[in-house]
Undergrad: 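This structure is in structure tokens; I'll ask about it shortly.
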There are 2 protein chains.
Amino acid sequence: MSNTKIRNMEEFAAVSGISRPTVSKYFHDPNSVRKSTRGRIEAALDKYDYRPNIYAMNQNRKLTKNIGIVVPYLADPFFAEIVRVIEGRCIEAGFTPSLFSSHGDPAHENEILDSLRSMKPAGVLLAPLGRQSDKSAIETFCKNVPTVLFDSNLDGMGEAFIGSDNHSFVSQTVEYLSRTGESPCFFEMKTPANPNANKRRIAYISMMERLGLEPHVVKVEGTGWGFEEIGKQGGLKVLADDSLPTNTVLCSNDRLAIGFLSACYESGVKVGRGPDCQLRVASHDDHPFSRFTCPSLTTAAHDYNAVSDHAVDTLFRLIESGGHLGTRTETLFPARLIMRDSA
Amino acid sequence: MSNTKIRNMEEFAAVSGISRPTVSKYFHDPNSVRKSTRGRIEAALDKYDYRPNIYAMNQNRKLTKNIGIVVPYLADPFFAEIVRVIEGRCIEAGFTPSLFSSHGDPAHENEILDSLRSMKPAGVLLAPLGRQSDKSAIETFCKNVPTVLFDSNLDGMGEAFIGSDNHSFVSQTVEYLSRTGESPCFFEMKTPANPNANKRRIAYISMMERLGLEPHVVKVEGTGWGFEEIGKQGGLKVLADDSLPTNTVLCSNDRLAIGFLSACYESGVKVGRGPDCQLRVASHDDHPFSRFTCPSLTTAAHDYNAVSDHAVDTLFRLIESGGHLGTRTETLFPARLIMRDSA
DNA sequence: ATAAAAAATTTACCCGCGTAAACTTTTGTC
DNA sequence: GACAAAAGTTTACGCGGGTAAATTTTTTAT
């Protein structure tokens, strides 16, 4: 490692004995230059530790090698986990991921899209807030930037959608619960933030009807993204009122269930499938913490890797095709039932 | 909103009737131009929706308005929450935060620092991995980029450190537990990733000795960042062995405690301070989920806001002072004991 | 009203790199 | 060894905006 500092590509080209345009080509794609040339550049590279100025590089590019990743709520470990996988894939493929969380705030989601636009990213993976999202802002954004939606679908927006098949989630849990005990009631927020919640309720009702059972939906108060607290308060209430229609509760998602289980514990209600248990509780998502609840939570698991991989692959195809795929596809991955102790 | 598209600052200056250098000055600091001028620019601004090219802007700047935020493990909601607060403060102050997670991997931490350097950020808020961090890489980085460390301290690195006072955490929990029942043993990982863990053990031992009590440290196997699982497996083991030295367990951190509580539940061990309880469990951090454990977790809470605010304020002072503060300060915020049901 | 200070304007050059065109050298093939 | 193709070199210009210097205009103070 020499201590003479290289200020720009010109100087670096000089010390490596290669012309600047060729060096520029190398940084754009190392395989686009002859092997011997690449060798000389790389020799100089670890002797002088030069890195091209990213701002100058991107200034003249129509598209950069940046990929934007936007999630609605990073404090939810579910999204943190997906982000981890997606980031890895992007880096592998030579892109530079930039991570953003809307933190549950539509205004902030808009700001993110705004600053994302000026980053001229090659593509964006967007998990929108859902119902709260500013649809027209997202629509405009998607027209200007190659975007793949994931997790939450918004009608017609983005070049593709990749998510989980809510019907598969709910039909598996409902089928399992109904087969092994009393049929479940459906526990959810009165005004859910996420479109998946609506799909799950509808799937629950249709599945129950198909089984010839009467559906019961229990809606609890509360808004925002503090699902655990909402589940807990709602749980305490329905348990105090003794207003649950059945002894089996199917929560819309694991975070609600975590709160609900906490309410059960505090109310002295024993959850599980043992003979001494008063209630069975199941849910959806396979949240990273669901294996540590008391009792551990029976749930339907996302195929994290499939969703992440397919979202990223789709985005790469989109980028390669220059920003437009033929028709907008919606890919849904089925769930896998995870049987634990709560039901 | 006119539909003529503005391509660059030249054109925007033309339509706003102001010269380009003045417009440039405006974007650098809106208050640096006369009020009437600002008015004309802003009128044009919402008529034509032009935004300066961020790459061209930053190319010639020694320092940008970017701030890097690096955390060791974003899937830990503790960090997700801190990040949320910090991001907000940065945006308020007119900076552009960029978020990175090392995902528990030292090699990735290095890559992040590398790409961060080429972003020429005005400053960086770094929560390092800790023991696993490549110390020399971080040291080199801190010499080149104005950096404030938080959460995990690394000796002498960065211009300042802001974190929580582990001694305050542990002394409060130990004092409380010892006063209200059997004195606690200390439950931790054999080889903790984070320097805070060591400080907590030391604080535990010294506090116990001060109280004239015998310290007992229970170390469990396991490496990596899956603390809950480590706590659970370790918990199952010590409960099966019946090897706990006392009926009161103080976990090094909440994530371990979440796993430990799960082990207690599965082992049929009732936790709490009621007469029918076999074990008391307490911990440190006030993890976002600790209020939803079964039973809810007695813990010592970080002053999230104080840490975030002070870290950000320190970074801003550092930036204003041109990259160096006088002497390296280490600011530690005390804990607040949160009494819940587990102890 | 007038001088002094503050703010804008004009002009001009720079930054670090992308990239096109014309030309030269190196490769690989028969 | 001749020759076409591939790769590299030179030269030159552009991108979009930062910024300095000299000049003009506007504002503020007296």
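Letters A, B, ... are given to chains in the order of the sequence lines, protein chains preceding strands, and every chain is numbered from 1.
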Undergrad: Near A:Asp155 CG, under 6.0 Å, is it more than 12 heavy atoms from other residues, nucleotides or ligands?
TA: no
Undergrad: If the cut-off is 4.0 Å, is A:Ser24 near the phosphate of C:dG18, judged by side-chain N/O to OP1 or OP2?
TA: yes
Undergrad: Assess the residue pair A:Asp114 and A:Phe141 against the criterion (side chain to side chain contact (heavy atoms under 4.5 Å, CB included)); give the C-alpha distance rounded to whole Å, side-chain angles, the decisive distance to 0.1 Å, and a yes or no.
TA: CA-CA 8 Å; A:Asp114 249 40; A:Phe141 178 81; over 6 Å; no
Undergrad: Counting side-chain heavy atoms from CB outward, which of C:dC17, D:dG18, D:dG17 is closest to B:Pro52?
TA: D:dG17
Undergrad: How close or far is atom P of D:dT19 from atom NZ of B:Lys25, stated in whole angstroms?
TA: 12 Å
Undergrad: Output yes when at least one side-chain N/O atom of A:Ser19 is less than 4.0 Å from OP1 or OP2 of D:dG8, else no.
TA: no
Undergrad: Record whether the side chain of A:Arg20 comes under 3.5 Å of the base of C:dG18 through a donor-acceptor pair of N or O atoms.
TA: yes
Undergrad: Please examine the side chains of A:Phe79 and A:Ile69, heavy atoms only from C-beta on, and report whether any two atoms are closer than 4.5 Å.
TA: no
Undergrad: Starting at the 5' end of DNA chain D, which residue's closest nucleotide do you reach first, B:Ser36 or B:Asn53?
TA: B:Asn53
Undergrad: Counting only side-chain nitrogens and oxygens, does B:Thr37 get under 4.0 Å of the OP1 or OP2 atom of C:dA8?
TA: yes
Undergrad: Using side-chain contact (heavy atoms from CB on, under 4.5 Å) as the criterion, point out the one residue from A:Val23, A:Ile18, A:Thr22 that pairs with A:Val33.
TA: A:Thr22
Undergrad: Of B:Glu10 and A:Ile18, whose nearest nucleotide on DNA chain D comes first from the 5' end?
TA: A:Ile18
Undergrad: Any idea which of D:dT27, D:dT9, D:dG16 is nearest the A:Thr22 side chain?
TA: D:dT9
Undergrad: Check the distance between D:dG16's P and B:Tyr26's OH and give it to me in whole angstrom.
TA: 21 Å
Undergrad: Tell me what A:Pro21 touches on the nucleic acid: a base, only sugar-phosphate, or nothing, going by heavy atoms under 4.0 Å.
TA: base
Undergrad: Calculate the interatomic distance between A:Met9 atom CE and C:dG18 atom C1'; express it in whole Å.
TA: 9 Å
Undergrad: Using OP1 and OP2 only, check whether a side-chain N or O of B:Tyr50 sits under 4.0 Å from D:dG16.
TA: no
Undergrad: Look at the side chain of B:Gln59 and the base of D:dG17, then say whether one donor and one acceptor between them are separated by less than 3.5 Å.
TA: no
